Amino acid sequence: AFPHSPTWKKEEVTYRILNYTPDMLQADVEEAIARAFQLWSSVTPLRFTRIHGGQADIMISFAAGFHGDFYSFDGPGGTLAHAYSPGSGIGGDAHFDEDENWTKFTTNSGYNLFLVAAHELGHSLGLSHSNVFGALMYPIYMATDTRNYQLHQDDINGIQALYGPPKESAAPPTKAFPPQEPTDMVPAEEPTQMSPREEPTEMTPSKPPQRPDDCDPHLTFDAITTLRGETLFFKDSYVWRKSPYFSEIEHDTIFSFWPSLIAGFDAAYEVDKRDRVLFFKDDQYWAVSGYSIDSGFPKPIQNLGFPTSVRKIDAAVHDQSTKRTYFFVGNKYWSFNENTQSMERGYPRKIAADYHGISHPIDAAFQKNGYFYFFHGSTQFEVDIKRKKLIRTMKSNSWFNC
Amino acid sequence: FPVAQEKEKQDVQYAKKYLENFYDFKEEKHSLFRTKDIVNRMADKIREMQSFFGLEVTGELNQKTLDMMKQPRCGIPDVRSYS
């Protein structure tokens, strides 16, 4: 809570929407705000009433840059919104940065107003930030499927410590809303919340596969990529991270790095000059820089020049020396010119024609020190890039110090 | 993840601003021991931030810490001295 734990000393709290963002329909703004309030009223004795004039307890507004308090907004990104703890005057008020792209959808190209409003209204009611990853009051924006959104237990514990449980029943209800809106504006219907993940806070129907042992002789990978000098190996939701600075292999999950990406990559590669890694799953791909996912993604793989008959990529690898990226699909491969951002003529070609001795389909590939490493099942092929010559075969987990 | 080197100075400035906004970091310009004092206090604040987010607590501005700082977030500070 905030210092001295300020709370509203009444159960009937009023709110007023002072202005609207042009990014959304007014009705959608009102619905998002109402849903956000309903989230909190469902777990407390509080009741929220909207008024259309005069001074409400919680005044909600959109503003850019300096807007009359000591906490100016900062343009797109960064700070999205803030709100004040319960009290008179500015107390309880919530401000949203108009320089953001507000949306009712869950998308990588904007911020879901319901999610941000629900967080800020938590402040308006007296909650400060939680360090529990996955809680609504966690300070970092997390793009989450808002259909059937449920408060984290940490949020419920926090707000009930201030106001107690709802009067009708001792336990909070399990459902706050009926399904309301689609999850994304782009054509592909992709959930933005990853599952499975290490800290389950929402309902996921099935248990994820267990992490294979590093030294399992049958270990296979979905995708492999370099990233700023390190090498990341992906299998289902799991990541093996090999750094040149540490001898131990680090175990992570995809969710721990990129919470909004979906597990089970098909392919991945790094374009080091642009500090970008591209991830592929089915007929879509994402571009990330470190932990940040570029806006505007996912995009269809057809944007790269694949025919519509190609529905997924098996593997991809970038050659830094020629600025070409090679995509492997079945028994064929494409060459993509990263400078012109277009597929090269004369492709696809058969893998066997240029890479003798390499079994296909290729599950994963990466480039290191002038060699390509192709993975087929639990076998790994080291190939001299320039000569396209197979040098040796190894087990897929040869990098794990087994 | 490792840092892309050319961004290092910008990153320190960004981190300083972040810690001022959310972790009550104050750069006292008139301290006699300014440089070392600021570095130590900034390292303390970085540790506080790393602890809050469950990052490895090193006091160093590593890439994981910096990337966390660049995530879109709420404007309310994370420390209790906010008023």
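All values derive from a computational prediction rather than experimental measurement.
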For this session: Could you walk me through whether A:H123 and B:C74 pass side-chain contact (heavy atoms from CB on, under 4.5 Å), step by step?
Result: CA-CA 10 Å; A:H123 291 316; B:C74 173; 3.4 Å; yes

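- Considering only heavy atoms from C-beta on, B:P72 stays 4.5 Å or farther from A:E100 through its side chain.
- Once rounded to the nearest 0.5 Å, the distance linking NZ of B:K64 with OG of A:S256 reads 6.0 Å.
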Exercise. Which is it for A:F133 and B:F53 under the ring-ring contact (aromatic ring centres under 6.0 Å, His included) test, yes or no, and what are the steps along the way?
Worked result: CA-CA 8 Å; A:F133 185 77; B:F53 285 110; 9.5 Å; no

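- Contact record, B:I76 with A:A83: CD1-O, 3.0 Å, taken as the closest heavy-atom pair.
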For this session: Decide side-chain contact (heavy atoms from CB on, under 4.5 Å) for A:T79 and B:F22; before the verdict, give the C-alpha distance in whole Å, the side-chain angles of both, and the deciding distance to 0.1 Å.
Result: CA-CA 11 Å; A:T79 299; B:F22 303 114; 3.8 Å; yes

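- When all heavy atoms are compared, the tightest approach of B:P77 to A:S128 is O-OG, 4.4 Å.
- In terms of non-hydrogen atom pairs under 4.5 Å with chain B, the most contact-rich of A:H129, A:H82, A:H119 is A:H129.
- Between A:Y291 and B:Q71 the shortest side-chain heavy-atom distance falls below 4.5 Å.
- With a 4.5 Å cut-off on non-hydrogen atoms, A:F73 does not touch chain B at all.
- Taking CD1 from A:I140 and CE from B:M69, the interatomic distance works out to 10.5 Å, rounded to the nearest 0.5 Å.
- Residue contact with chain A, scored on non-hydrogen atoms closer than 4.5 Å, involves the backbone and the side chain of B:M68 alike.
- The two residues B:F52 and A:N131 have their closest heavy-atom pair at O-CB, 3.0 Å.
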